Amino acid sequence: MTTPSDSEDRSQIRKTNTMVGRRKFLAAATALAAASLPAKKAKAVNTASPATGAARSGANAATLAVDGGTPVRATRLRANFPGPLYYDEEERRELLEVLDRRAPFRWYGVGPKGGDPDKCNQFEKEFAAHTGTKYCVAVTSGTAALITAVAALDVGPGDEVILPSWTWHSCYDAVIVAGATPVFAEIDDSAGIDPTDIERHITPRTKVIMPVHIMGEPADMDPILAIARKHHLKVLEDCAQSAGATYKGHPVGSMGDCGIYSFQLCKTISAGEGGALVTNDPYVFERAARFHDIGDLRGPHAAMLGRPPRMSRFAGMQFRMNEYSGAVLRAQLRKLDRIAGDFRSRSARVKQGIADLPGIQFRKSNDPSGALGSSVYFRTTGKEERDRFIKALRAENIPAGTIEGSVLLPLEPYIEKKQTLEPGWPSFATVDGKALRFGAECCPRTIDVWNRYVGVPMDPTYSDQDVSDIIAAVRKVYPAIAKT
């Protein structure tokens, strides 16, 4: 999940990408959230204050700020990255314990005054429990988690992995690093992989389907899992942008063969960097634990396995999380449900406040009650209208942009040209690999979806007035721009 602090500035930076840079709720969720609001707060988010903008009854008649009118807000509203907003004495206390123990390395400390490290070990146990899984391996980043997961699922040269055309570089890179071949499927109006487009990409070489729970919205897991079972494929859930989201009561990451998370700055909870892999499969866990730690299986992971190891040492990476990161993440994990709830309440109130606009269509949600609500997206007739909405909302001092958080991977020049680590890399060395064609021709529907949606990023600490201003701005701009 990415929540930009300055959507306009960030979009300018991302112009170096082909289209855009990077790793909800429908009626049921909005009604539920609205029902829980006190009467005074409900009134506050339904009507913009006279001091900051026109009331709902008069917003339609106001001159747009982009046309010289008075903006809804006098100052620019910014959406901040969530995790650090919730830092307090809990993170400080956890960090000080690491310092006092002189134990920054996760496996042992420094004597004679040092103590035993336990932050990473405890975080793994607590995070596995929170995600409803048996095992967790804490790593250095979401990218490291993806690379570890691909290795743990036995993916290598000659194998194919199906992933969405709209996701972050790391999904593609993890497949390439393994020497396997990435195959792109289209997305639907949820911005996640379209289950109806998966089967046409399955070949005898397909090994894994990688659904990405993108920008807080869970992928449509029921049909994806059914396809995987039908074709005897593995499922790797990328939850990097959606910690705290659920799908039909199941935490994202708990439904496939394994799931990965990122704790980088812009994610739901953060230690600046960090990642985790979760699974219910002891084989996948042992491979992951070994791979992330140069092929070794340390005592705590061996104990967590709960049975004798089934494999010997093999070549791996060094992706171990340090105790400082583990300490911060233990404190952050205790706040995850609160952060997710704060996101959901604000996005639901925004959607409720604009749901009656004629013809408005929100982003498709695969589980309205489980989505994180880190952004509110609505559909336009296409790129021209989308860009007019973005420009007009920004003029009202409301953050707005295109679908955020990832890139149109098949359009990236290095991907379209199949540039890898070195010539002859196994990913595209076969006849089939050479025949694969990337670029716009492989994802026209994904490009069309990306061109149609306007997004307003949420901040879990937005005030009632901030929420009211977003509603007022959309209600002011929408009738003037939307084509009927």
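Worth saying up front: this structure is predicted, and the values here are computed from it rather than measured.
- For Asp448, the side-chain contact (heavy atoms from CB on, under 4.5 Å) partners two or more places apart in sequence, or in a different chain, are Arg452.
- In terms of heavy atoms, Gly455 sits closest to Tyr377 at CA-CD2, 3.2 Å.
- Applying the side chain to side chain donor-acceptor pair (under 3.5 Å) criterion to Glu90, with sequence neighbours excluded, gives Arg334.
- Under the side-chain contact (heavy atoms from CB on, under 4.5 Å) criterion, Ala128 pairs with Thr133, Cys136, not counting sequence neighbours.
- Between Lys391 and Asp387 there is no salt bridge, since none of the side-chain N atoms of the basic residue sits less than 4.0 Å from a carboxylate O of the acidic one.
- Every salt bridge (Lys or Arg N to Asp or Glu O under 4.0 Å) that Arg205 has, sequence neighbours left out, goes to Glu160, Asp432.
- Take Gln419 and apply the side chain to side chain donor-acceptor pair (under 3.5 Å) test, not counting sequence neighbours, and it matches no residue.
- For Glu273, there are no side chain to side chain donor-acceptor pair (under 3.5 Å) partners two or more places apart in sequence or in a different chain.
- Within the structure, salt bridge (charged side-chain N to carboxylate O under 4.0 Å, His left out) contacts touching residues 176-194 (residues at least two apart or in different chains) are Asp188-Lys364, Asp189-Arg379, Asp194-Arg445.
- At a threshold of 4.0 Å, the pair Lys248-Asp367 does not count as salt-bridged, since none of the basic side-chain nitrogens sits closer than that to a carboxylate oxygen.
- Around the NZ atom of Lys418, the shell of radius 6.0 Å holds more than 12 heavy atoms that belong to other residues, nucleotides or ligands.
- In this view, Asn121 and Arg106, Trp107, Glu124, Pro300 satisfy the side-chain contact (heavy atoms from CB on, under 4.5 Å) rule, not counting sequence neighbours.
- Looking at Glu396 and Lys476, a side-chain N of the basic residue comes within less than 4.0 Å of a carboxylate O on the acidic one, giving a salt bridge.
- Ring pair Phe378/Phe389 is perpendicular by interplanar angle, where above 60° counts as perpendicular and below 30° as parallel.
- Under 4.0 Å is where a charged nitrogen must lie from a carboxylate oxygen, and between Glu199 and Lys230 at least one such pair does.
- Of the charged side-chain nitrogens involved, none lies within less than 4.0 Å of a carboxylate oxygen, so that Lys234 and Asp154 do not count as a salt-bridged pair.
- Ser345 and Asp342 get closest at one heavy-atom pair: OG-O, 3.1 Å.
- With sequence neighbours left out, the salt bridge (Lys or Arg N to Asp or Glu O under 4.0 Å) criterion links Lys417 to no other residue.
- Every side chain to side chain donor-acceptor pair (under 3.5 Å) that Arg290 has, sequence neighbours left out, goes to Glu286.
- The side-chain contact (heavy atoms from CB on, under 4.5 Å) test applied to Glu91 returns Tyr87, Asp88, Val328, Ala331, Gln332, Lys335, not counting sequence neighbours.
- Taking the charged nitrogens against the carboxylate oxygens, Asp466 and Arg73 do have a contact shorter than 4.0 Å, which makes a salt bridge.
- Under the salt bridge (Lys or Arg N to Asp or Glu O under 4.0 Å) criterion, Asp337 pairs with no residue, sequence neighbours left out.
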